[in-house]
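Heads up, the thing below is written out as structure tokens.
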Amino acid sequence: MSDFSKMGEMSSFQLGVIGALFLSVASSVSIVICNKALMSNLGFPFATTLTSWHLIVTFCTLHAAQRFHFFDAKAIDMKTVMLFGILNGVSIGLLNLSLGFNSIGFYQMTKLAIIPFTVLLETLFLKKQFSQKIKLSLLVLLGGVGIASVTDLQLNFVGTILSLLAIVTTCVGQILTNTIQKRLNVSSTQLLYQSAPFQAAILFVSGPFVDHFLTKKNVFAHKYSLIVLAFIILSCIISVSVNFSTFMVIGKTSPVTYQVLGHLKTCLVLAFGYTLLHDPFTIRNIIGILVAIIGMGLYSYFCVQDNKKKQSVDLSLASQMKDKDSTPLLGMPDKEGHEAKKSTKVSLV
């Protein structure tokens, strides 16, 4: 493959990453504002059940897209898909339970802890290296988000255990989202299409019980007015974009980058809440958001620099190999890619 072809593929990949990041931010901020209006203003507090409806609509949308040949379904080993879907469903339920058992401040700390724990897991088990500059930028980011969003910190035993379990399942689920796509050579759409039914099933079954436990209300006994139904439908429609972009961002970048993006969404939601919904806003919120934005900027800059260094090394090695041997070794599929193409049914478990 020529250097020009590689540069073209690299440019196309970067455009895809930018598009995925923009779609993720826009859809996530939109659904947060929609759900906040639904739950706070219209009195529909059933978050876990609503998430199960999101996943059902997402699967139905992807199934229709697959039938119209917008993408090709790829069979993945059922055990892999089932365990992956259940794990993601459980992590969503645990995060909601963590919010119910803990103060808002402690819940925000739980979300902040996902980044360093993800870095730890990837370093220990995937042997991934994070430079000191990237670690420093992540520390600045977490400090800023903490200043902007964390208020009271009230600890209790059950809430702490639930938060720890939520952190572990969320980190493992997001790492697997990235790993499965790369190792099994499946796209974000194919993986979401295969796993969405299992995520939806576990939340659809457990959701009403979790919501009843947290709100003391029955989702099926709720009075559904036309405006409530309209916001539920809108929320489900936006969720298709949210779920799709989540898998795309994690697949094209990394779980850590996705979490950094998540904190950008937090800052944007705080800003939108102040401007559109007139939420209370203090100088502390402003300082925290500014510090977080600096941290995000540093993280993006250092990631770009590290990628340039890696690409330079890869091109140098490729050039040396080309000089040593005219055989197009780089054009040969690696063992994992060969196995993935040889069989239509792949497995990670």
Side-chain angles (χ1 to χ4, degrees), residues 1-29 111-112 114-148 171 174-175 177-179 181-183 187-188 242 244-269 271 288-321 330:
M1 184 180 292
S2 67
D3 290 345
F4 289 106
S5 298
K6 290 179 181 178
M7 290 176 64
E9 288 185 1
M10 195 178 301
S11 177
S12 177
F13 176 79
Q14 289 172 347
L15 287 175
V17 171
I18 293 171
L21 294 174
F22 177 79
L23 180 62
S24 180
V25 171
S27 58
S28 295
V29 172
K111 292 175 68 176
L112 291 176
I114 291 174
I115 284 184
F117 196 79
T118 301
V119 171
L120 177 63
L121 289 180
E122 290 195 314
T123 302
L124 291 178
F125 296 102
L126 300 181
K127 308 304 179 184
K128 188 172 181 178
Q129 300 296 320
F130 295 87
S131 67
Q132 294 298 324
K133 292 180 179 179
I134 285 183
K135 291 178 181 177
L136 176 62
S137 66
L138 290 174
L139 185 62
V140 174
L141 164 68
L142 295 177
V145 176
I147 293 170
C171 292
Q174 291 180 357
I175 290 172
T177 301
N178 179 272
T179 304
Q181 290 184 55
K182 291 182 176 178
R183 292 191 179 179
S187 68
S188 56
V242 172
F244 175 72
S245 60
T246 295
F247 275 61
M248 187 184 294
V249 169
I250 295 176
K252 287 183 176 293
T253 58
S254 70
V256 174
T257 298
Y258 175 72
Q259 286 298 324
V260 170
L261 192 68
H263 292 306
L264 170 61
K265 299 170 193 174
T266 299
C267 294
L268 290 175
V269 168
I289 289 175
L290 290 176
V291 172
I293 290 174
I294 292 172
M296 292 173 201
L298 290 173
Y299 175 80
S300 301
Y301 176 76
F302 293 140
C303 281
V304 169
Q305 295 301 311
D306 286 354
N307 286 335
K308 285 182 178 179
K309 289 180 182 178
K310 184 179 177 182
Q311 290 165 9
S312 177
V313 171
D314 289 344
L315 288 174
S316 176
L317 290 174
S319 177
Q320 291 175 9
M321 291 180 68
L330 294 178

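Values below: all heavy atoms of this structure, side chains included; hydrogens, waters and symmetry mates excluded.
- Under the rule for a side-chain hydrogen bond (donor to acceptor under 3.5 Å, both in side chains), the partners of S187 that lie at least two apart in sequence or sit in another chain are Q190.
- The distance from atom CG of L142 to atom CD1 of I147, rounded to the nearest 0.5 Å, is 11.0 Å.
- Distance check, rounded to the nearest 0.5 Å: CG of N178 to OG1 of T253 gives 7.5 Å.
- Here NZ of K111 is found 7.5 Å from NE2 of H263. Values are rounded to the nearest 0.5 Å.
- Side chains of S254 and T257 form a contact here, defined as non-hydrogen atoms less than 4.5 Å apart.
- The CG atom of L112 sits 11.5 Å away from the CG atom of L138 when rounded to the nearest 0.5 Å.
- With hydrogens and angles disregarded, a donor-acceptor distance shorter than 3.5 Å links the side chain of T246 to the backbone of V242.
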Query raised in the report: Taking it one step at a time, do F244 and L23 satisfy side chain to side chain contact (heavy atoms under 4.5 Å, CB included)?
Result: CA-CA 9 Å; F244 175 72; L23 180 62; 4.0 Å; yes

Query raised in the report: Please walk me through it: do L136 and L298 pass side chain to side chain contact (heavy atoms under 4.5 Å, CB included)?
Result: CA-CA 9 Å; L136 176 62; L298 290 173; over 6 Å; no

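- In this structure F130 satisfies the side chain to side chain contact (heavy atoms under 4.5 Å, CB included) test together with V119, E122, T123, K128, I134, K135, V256, sequence neighbours excluded.
- Taking every heavy atom of both residues into account, Q174 and Y258 meet most closely at NE2-CE2, 3.6 Å.
- Judged purely by atom type and a 3.5 angstrom limit, Q259 has no side-chain atom pairing as donor or acceptor with the backbone of P255.
- If you take CG on L126 and CD1 on I175, they are separated by 6.0 Å, rounding to the nearest 0.5 Å.
- Under the side-chain hydrogen bond (donor to acceptor under 3.5 Å, both in side chains) criterion, S245 pairs with no residue at all, not counting sequence neighbours.
- Between the side chains of Y301 and S137, not a single donor N or O lies within less than 3.5 Å of an accepting N or O.
- Between S188 atom OG and F247 atom CZ the span is 8.5 Å, to the nearest 0.5 Å.
- Here the shortest heavy-atom pairing between A292 and L141 reads O-CD1, 3.6 Å.
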